[in-house]
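Report on the structure given below.
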Amino acid sequence: MALSLYNTRTREKQLFEPLSPGRVGMYVCGPTVYDFAHVGNARPVIVFDVLYRLLKKSYEHVRYVRNITDVDDKIIAAAEQSGDSIDEITARTTEAYHEDMAALGALPPDIEPRATDHVPQMIIMIERLIARGNAYEADGHVLFAVETDKNYGKLSGRNRDEMIAGARVEVAPYKKDPADFVLWKPSTGEQPGWESPWGYGRPGWHIECSAMSREYLGMTFDIHGGGRDLVFPHHENEVAQSTCAHDEAEFARYWVHNGFLTVEGEKMSKSIGNILLVRDILAGAPGEAIRLNMLSSHYRQPLDWTEGGVTESRTILDRWYRAAADAEPLACDAVIEALEDDLNTPKAIAALHELSNAASQGDALAAGQLRGGANLMGLLMKSQSAWFKGLDATEYDISFMNKLAEPLPEIAERIDEQVRQAIDKWDEMSGEQQGTIYELCINLLIDFRKLAREHREFQTSDIIRDLLLEANITLEDGPDGTTWRRTV
RNA sequence: GGCCAGGUGGCGGAGUGGCUACGCAGCGGCCUGCAAAGCCGUGGACACCGGUUCGAAUCCGGUCCUGGCCUCCA
């Protein structure tokens, strides 16, 4: 194992060596649960999922912690707007998040702590910071005094003069120094809050990650990840809080940050109205296609999300599923090597293309390596038939059976009575039953078409093929007969 | 304004001082009743201007452009 990662703190690629041999701790900043996840939220999840899978391959004990931020002013605002309670909003958003990330093939983290379950730990940390002189109470708030931390700014590479010069937001009057940030703030009325030595209130944003990483990974741990946008101020502040509260013990050893994402060339924003939700993309494309598209550029590069890109990823997966068939996954050195080089997923994908080409030409070893290499990235996880025929899908379309009568009455008449009855009861059937009938109907038409072709009645055979194509089913005539696949 | 990334063929996207990246799309061919899939072949790039070098897309300087962050905001 020779994994190297680009460390934001040192600004260079470094060989990864865990603090304790065979043991890796990784903390990734998770979602603030006030709305559905958008593509931008999905990028770190997928990137760190690949890293997690890679680490698990090489280290016996990997502990992946990803938090849920369930106390935040945006959640309070969402509750006020919708009229739903904060608990309702966070519960349903968390559930939706889990569904979406699972659909993208992301493994759940080992521990998913919620901020609201760790307020006592945050209070202890804040008390310690006050005792050490790194924090002060002012006007019901507790603030971190940035000037007490001589290392402040190192992670993000900025000095205090620059920060003050660049400040464009009005400084709150209770701050001693404009750079100071909130550890605890007062809550009133309906706002969520907890009793504390500083009165009824709630934690600032940054302290939760310091408290929860301490709780589950210890004072010093290996990898801390998140989006680039979090480097400042969020991660900078985490470092300050944690190192000061822990007597200068090192905090995260490797900082890994993924790049930003635009949609069709534009920055996602509410004002443009182009916030692209993961669920909406999932309605039109398989999770693996979304995942491959996400991994097709290097995680530190900017990524422009386009519909065309998703379609291309899907085409590629079709090729790979065809080439790999249902080969047993084998270790794939080319992919491992690429991923160990700072998660070079595009290079890994190039290696998979080469294996796919070899496998298509009958190389069984390559087929296994293709499966194995792709699996390491959370791709090619399905069976070939599940991918192409989609019999694990939730929606089936058998409209082609009803359209049969007009162009081909003689065939429509010959449809078995049992099948006809089954079609009539379509709406009462379970998804699984529908899948069975769906497959049965397709095979029935393939049989009719075979007859027509044997009699060289190509017009009839082409009508059948076109009918199915309208229902997004593509027929392919091969040397061993006709096969079908779903194309949407 | 400050700090930080990045600008590679029609598109996506690695790489990096001298060796075809790779893929999608396109074009030609094989196969097929026709398709689809597959296979074979094929053109096409390194933002701009200087410099260093035997040699630069790759290093240095400058210019232009794009994106991110700049204190409770993702």
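A quick note: this is a predicted structure, and the numbers were derived from the prediction, not measured. Quick note on labels: first sequence line is chain A, next is B, and so on, each numbered from 1.
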Closest nucleotide among [options] to the [X] side chain:
| X | options | result |
| --- | --- | --- |
| A:F232 | B:C22, B:C34, B:C70 | B:C70 |
| A:I316 | B:G13, B:G23, B:U71 | B:G23 |
| A:N344 | B:U71, B:G15, B:C69 | B:G15 |
| A:Y174 | B:C72, B:G13, B:C34 | B:C72 |
| A:R449 | B:G33, B:C4, B:C69 | B:G33 |
| A:A350 | B:C22, B:C34, B:C4 | B:C22 |

Assess whether one donor atom and one acceptor atom, taken from the side chain of [X] and the base of [N], lie less than 3.5 Å apart.
| X | N | result |
| --- | --- | --- |
| A:Q301 | B:G6 | no |
| A:D462 | B:G33 | yes |
| A:R228 | B:C4 | no |

Remember a base hit wins even if backbone is also touched, and classify [X] as base, sugar-phosphate or nothing at under 4.0 Å, heavy atoms.
| X | value |
| --- | --- |
| A:H298 | sugar-phosphate |
| A:S156 | nothing |
| A:F260 | base |

Paired with [N] by Watson-Crick or G-U wobble geometry, both distances under 3.5 Å: which nucleotide is it?
| N | answer |
| --- | --- |
| B:U53 | none |
| B:U66 | B:A5 |
| B:C24 | B:G10 |
| B:C46 | none |
| B:U71 | none |
| B:U32 | none |

Between A:K267 and B:G68, is there a side-chain N or O to OP1/OP2 distance below 4.0 Å?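 So the side chain of A:K267 is within the cut-off, an N or O lying under 4.0 Å from OP1 or OP2 of B:G68.
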If you measure from CZ on A:F36 to CZ on A:R92, what distance do you get to the nearest 0.5 Å?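 Taking CZ in A:F36 and CZ in A:R92, the distance rounds to 7.0 Å.
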How many angstroms lie between atom CZ of A:F251 and atom CZ of A:R214, to the nearest 0.5 angstrom?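 It comes to 11.0 Å.
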Distance check, [atom1] atoms only: [N] and [M], in whole angstrom units.
| N | M | atom1 | answer |
| --- | --- | --- | --- |
| B:G10 | B:G51 | P | 28 Å |
| B:G13 | B:G44 | C1' | 16 Å |
| B:U8 | B:A21 | C1' | 12 Å |
| B:C65 | B:A36 | P | 46 Å |
| B:G38 | B:A25 | P | 9 Å |
| B:C31 | B:C40 | P | 16 Å |
| B:A14 | B:C22 | C1' | 8 Å |
| B:C48 | B:C64 | P | 16 Å |

Side-chain ion pair, A:R486 and A:D397, N-O less than 4.0 Å: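 Judged by the 4.0 Å cut-off on N to carboxylate O distance, A:R486 and A:D397 do not form a salt bridge.
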Side chain of [X], backbone of [Y]: donor and acceptor closer than 3.5 Å?
| X | Y | result |
| --- | --- | --- |
| A:H234 | A:F232 | no |
| A:T487 | A:N472 | yes |
| A:K389 | A:W484 | yes |
| A:Q191 | A:T188 | yes |
| A:H141 | A:E137 | no |

With the side chain counted from C-beta on, respond yes when A:Y299 and A:D342 share a heavy-atom pair under 4.5 Å apart, and no when they do not.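 The answer is yes, as the side chains (C-beta and beyond) meet within the 4.5 Å cut-off.
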Whole angstrom is fine here: how far is it from [atom1] in [X] over to [atom2] in [N]?
| X | N | atom1 | atom2 | value |
| --- | --- | --- | --- | --- |
| A:E354 | B:A21 | CD | P | 12 Å |
| A:L230 | B:A74 | CG | P | 10 Å |
| A:H206 | B:A74 | NE2 | P | 11 Å |

What residues from residues 362-388 of chain A pass a heavy-atom cutoff of under 4.0 Å to RNA chain B?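 Residues of residues 362-388 of chain A under 4.0 Å from RNA chain B: none.
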Which residues pass the side-chain contact (heavy atoms from CB on, under 4.5 Å) test with A:P346, not counting sequence neighbours?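 Checked A:P346 against side-chain contact (heavy atoms from CB on, under 4.5 Å); matches are A:H298, A:N344.
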Indicate for each nucleotide in nucleotides 36-45 of chain B, in 5' to 3' sequence, whether protein heavy atoms under 4.0 Å reach the base (B), only the sugar-phosphate (S), or nothing (-). BSSSS-----
A:Y152 side chain to A:N237 side chain, donor-acceptor N/O pair below 3.5 angstrom: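 Present: a donor and an acceptor within the cut-off.
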Could you check A:T90, A:I86, A:D70 and say which one makes a side-chain contact (heavy atoms from CB on, under 4.5 Å) with A:T116?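 When side-chain contact (heavy atoms from CB on, under 4.5 Å) is applied between A:T116 and each of A:T90, A:I86, A:D70, only A:D70 qualifies.
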